[in-house]
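Below you'll find the structure, written out as structure tokens, and then a few comments.
Worth knowing before you read on, the calculation uses all heavy atoms, side chains too, and leaves out hydrogens, waters and symmetry mates.
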Amino acid sequence: MSEVQGRWTDRWLPLVNAFQENMAEAGEEAAALAVYRAGEPLVSLWAGEASPGHSWQEDTQVNLFSASKGIVALSILQLVDARQLDLEKPVAHYWPEFAQQGKSGIRVRDLLSHRSGLSALQDRVAEDDIFDWDAMVERIERAEPWWSPGTAQGYSPFLFGWALGELVRRITGAERFNDWVADRITQPLGLGLGFGARGEVSLAQARPLKKALGGASNGADSQSLGKIMKADPRGVTNKAFSNPMTLLTAANTEQWRQAEIPAANGHSSARDLAALYGALANRGDLGGVRLLSEKQLALCGDELTFEQDRVLGLPLRFGHGFMLSQKRADCRFGRGRGGFGHPGAGGCLGFADPDYGIGFGYVTGRMGQSLLIDPRPQRLINALYDCLGEAP
């Protein structure tokens, strides 16, 4: 078992022990955890190898998968703050070509809350198209919703990022979505996270993901998702995740790491993810840098939709681009009432708990099998709040 490295005080030893238990008992091989409170780091832990023969470091980055979506949501709310974007206006108001195929009435808020009907592409997508921003934008423009927009909830695992990212580009004139994120989020906060892993240093820091260990975590939701996909090979769920198949198979490739796939290829260390959510849990402020106004911060944890999701096949709560704590014990973003964030396929997790002032970031190099919050970060969340003890 790898030795745990990092920074902590005696108060957080139960949390360190829980991290060690993940390494010893839960099939964990390499991972990192960071926690911020009131804008200050509380704990930073890491263990394992970033690559063969090279130890994990505090700044080692991992592909976040859907934990990337919180960064996309933040970028949209910043434009609302700047009065450059109105959540109630149709997307086509800012992006006229989007109106094709019955999409003229889809509001920005519908895209954010997974109620647009734009959960997957119905026509076959070429394998390499996901690495071509313009190709995906053109496909989204020509796409037809699976149901009448606004009438039902259906998670959009990949199109969410391209659609909202292009909206940011149209409004701001940014050449690339990641340029806007760097200018308004990561550089002001001094963070290294972003979409894709770029340059020799970043590519070296990004840990390849290993496949899930069978039985390493509770995959009941994932098994149910697999049954839905198998039962209807041409249905929305199947196409949302496997049209094209590279959405499932390309995460360790150089093409994936150098592309912009905002809903799924954010790369971050645990420290940077925790710092970002720590700012959102701390009145939008980190080190004097203000990310959002109080008005927009309130939207982060504001429920927009809660119903049986047509893609994932289970009841889910969503707000303005963020997933909210679910009404089940194994998917809560902390113990406060207003927690928001996003899990990623395989186990990565970032969330803010404003009631406790907590920003949480967990990244792993070993894929898990849970659809929502993996048992490994669940264990860490429980240990963290047991250490905190007090009510908010």
Side-chain angles (χ1 to χ4, degrees), residues 64 66-91 93-95 98 105-119 149-150 152-157 159-168 170-172 177 180-181 184-185 262-263 266 273 276-277 279-284 290-307 309 311-312 315-327 331-334 336-344 349-355 359 372:
L64 299 175
S66 284
S68 310
K69 288 183 173 69
I71 308 169
V72 178
L74 174 56
S75 70
I76 291 292
L77 293 179
Q78 285 183 322
L79 291 180
V80 177
D81 239 350
R83 299 184 178 180
Q84 294 178 266
L85 177 64
D86 186 335
L87 294 173
E88 291 300 321
K89 284 189 175 180
V91 175
H93 174 79
Y94 307 97
W95 176 7
F98 182 85
I106 294 177
R107 304 171 302 167
V108 178
R109 200 184 300 272
D110 296 325
L111 273 183
L112 275 176
S113 59
H114 300 279
R115 296 189 65 84
S116 68
L118 198 61
S119 300
Q153 173 187 303
Y155 182 63
S156 176
L159 300 191
F160 175 96
W162 284 304
L164 290 170
E166 180 64 14
L167 187 59
V168 169
R170 295 279 175 143
I171 292 171
T172 66
F177 174 62
W180 175 259
V181 171
R184 298 304 178 96
I185 299 175
L273 195 58
L276 180 66
Y277 278 106
L280 295 177
N282 186 46
R283 301 172 64 88
R290 191 68 178 267
L291 289 177
L292 286 176
S293 68
E294 292 282 350
K295 183 178 181 180
Q296 305 312 324
L297 276 171
L299 294 183
C300 294
D302 185 23
E303 181 183 299
L304 284 180
T305 181
F306 175 41
E307 63 185 57
D309 193 273
V311 173
L312 296 184
L316 289 175
R317 297 177 69 225
F318 287 105
H320 291 78
F322 295 97
M323 188 178 285
L324 307 182
S325 287
Q326 304 302 314
K327 298 183 184 297
C331 190
R332 295 192 58 80
F333 300 133
R337 292 175 296 177
F340 60 90
H342 219 290
L349 174 67
F351 72 79
D353 181 348
D355 293 324
L372 300 180

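The distance from the OG atom of Ser119 to the CG atom of Asp309 is 7.5 Å, given to the nearest 0.5 Å. In this structure, CG in Leu276 is found 6.0 Å from CG in Leu74, a value given to the nearest 0.5 Å. Atom CG in Leu297 sits 12.5 Å away from atom CG in Asp302 (nearest 0.5 Å). The line from NE2 of His320 to SG of Cys300 is 9.0 Å long, rounded to the nearest 0.5 Å. With values rounded to the nearest 0.5 angstrom, Glu166 atom CD is found 10.5 Å from Ile171 atom CD1. Here CG of Leu273 is found 7.5 Å from CG of Leu349. Values are rounded to the nearest 0.5 Å.
In this structure, Arg283 places its CZ atom where only 12 or fewer heavy-atom neighbours from other residues, nucleotides or ligands lie under 6.0 Å away. With a 6.0 Å radius and a threshold of 12 heavy atoms from other residues, nucleotides or ligands, Arg337 has its CZ atom at or below the threshold.
Checking side-chain atoms of Asp110 against main-chain N and O of Gly150 turns up no donor-acceptor pair under 3.5 Å. Listed for the Arg317 side chain is a donor-acceptor partner under 3.5 Å among the backbone atoms of Ser325. With Asp355 contributing its side chain and Gly338 its backbone, the two residues share a donor-acceptor pair below 3.5 Å. No donor-acceptor distance shorter than 3.5 angstrom exists from the side chain of Asn282 to the backbone of Gly284, with no hydrogens or angles considered.
We find that Arg115 and Glu307 are joined by a salt bridge, their nearest charged nitrogen and carboxylate oxygen being less than 4.0 Å apart.
Residue Ile76 is tested with Asp81, Leu299, Leu111, Leu164 for a side-chain contact (heavy atoms from CB on, under 4.5 Å); the sole match is Leu164. Evaluated for a side-chain contact (heavy atoms from CB on, under 4.5 Å) with Leu316, the options Val311, Leu372, Leu324, Thr305 yield exactly one hit, Leu372.
With a 4.5 Å cut-off on side-chain heavy atoms, Arg332 and Gln326 do not count as touching. With contacts defined as side-chain heavy-atom distances shorter than 4.5 Å, the pair Tyr94/Leu85 qualifies. Looking only at side-chain heavy atoms (C-beta outward), Pro343 and Met323 come within less than 4.5 Å of each other.
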task = Apply side chain to side chain contact (heavy atoms under 4.5 Å, CB included) to Phe98 and Leu118, showing your working.
result = CA-CA 11 Å; Phe98 182 85; Leu118 198 61; 3.9 Å; yes

Problem - Verdict with supporting geometry, Thr172 and Leu79, side chain to side chain contact (heavy atoms under 4.5 Å, CB included) - result: CA-CA 9 Å; Thr172 66; Leu79 291 180; 3.7 Å; yes

**OP:** Given side chain to side chain contact (heavy atoms under 4.5 Å, CB included), test Leu87 with Arg107 step by step and report yes or no.
**Re:** CA-CA 7 Å; Leu87 294 173; Arg107 304 171 302 167; over 6 Å; no

**Asked** Given the rule in the side chain to side chain contact (heavy atoms under 4.5 Å, CB included) test, do Leu167 and Trp162 qualify, once you have shown the distances and angles that lead to the verdict?
**Response** CA-CA 8 Å; Leu167 187 59; Trp162 284 304; over 6 Å; no

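Checked against side chain to side chain donor-acceptor pair (under 3.5 Å), Gln84 has no partners two or more places apart in sequence or in another chain. With sequence neighbours excluded, the residues that form a ring-ring contact (aromatic ring centres under 6.0 Å, His included) with His114 are Tyr155, Phe160, Phe318. Every residue two or more places apart in sequence or in another chain that forms a ring-ring contact (aromatic ring centres under 6.0 Å, His included) with Phe340 is listed here: Phe322.
Considering every non-hydrogen atom in both Leu291 and Ala279, the closest pair reads CD1-CB, 3.8 Å. Taking all atoms of both residues into account, the shortest heavy-atom contact from Pro262 to Val72 is O-CG2, 3.5 Å. Scanning all heavy atoms of the two residues, the minimum distance from Leu304 to Ser113 falls at CD1-CB, 3.7 Å. The minimum heavy-atom distance linking Ser68 with Gly266 is given by the pair OG-N, 2.8 Å. Shortest non-hydrogen contact noted between Lys69 and His342 is CD-NE2, 3.6 Å. Considering all non-hydrogen atoms of both residues, Leu112 and Ala73 come closest at CD2-CA, 4.4 Å.
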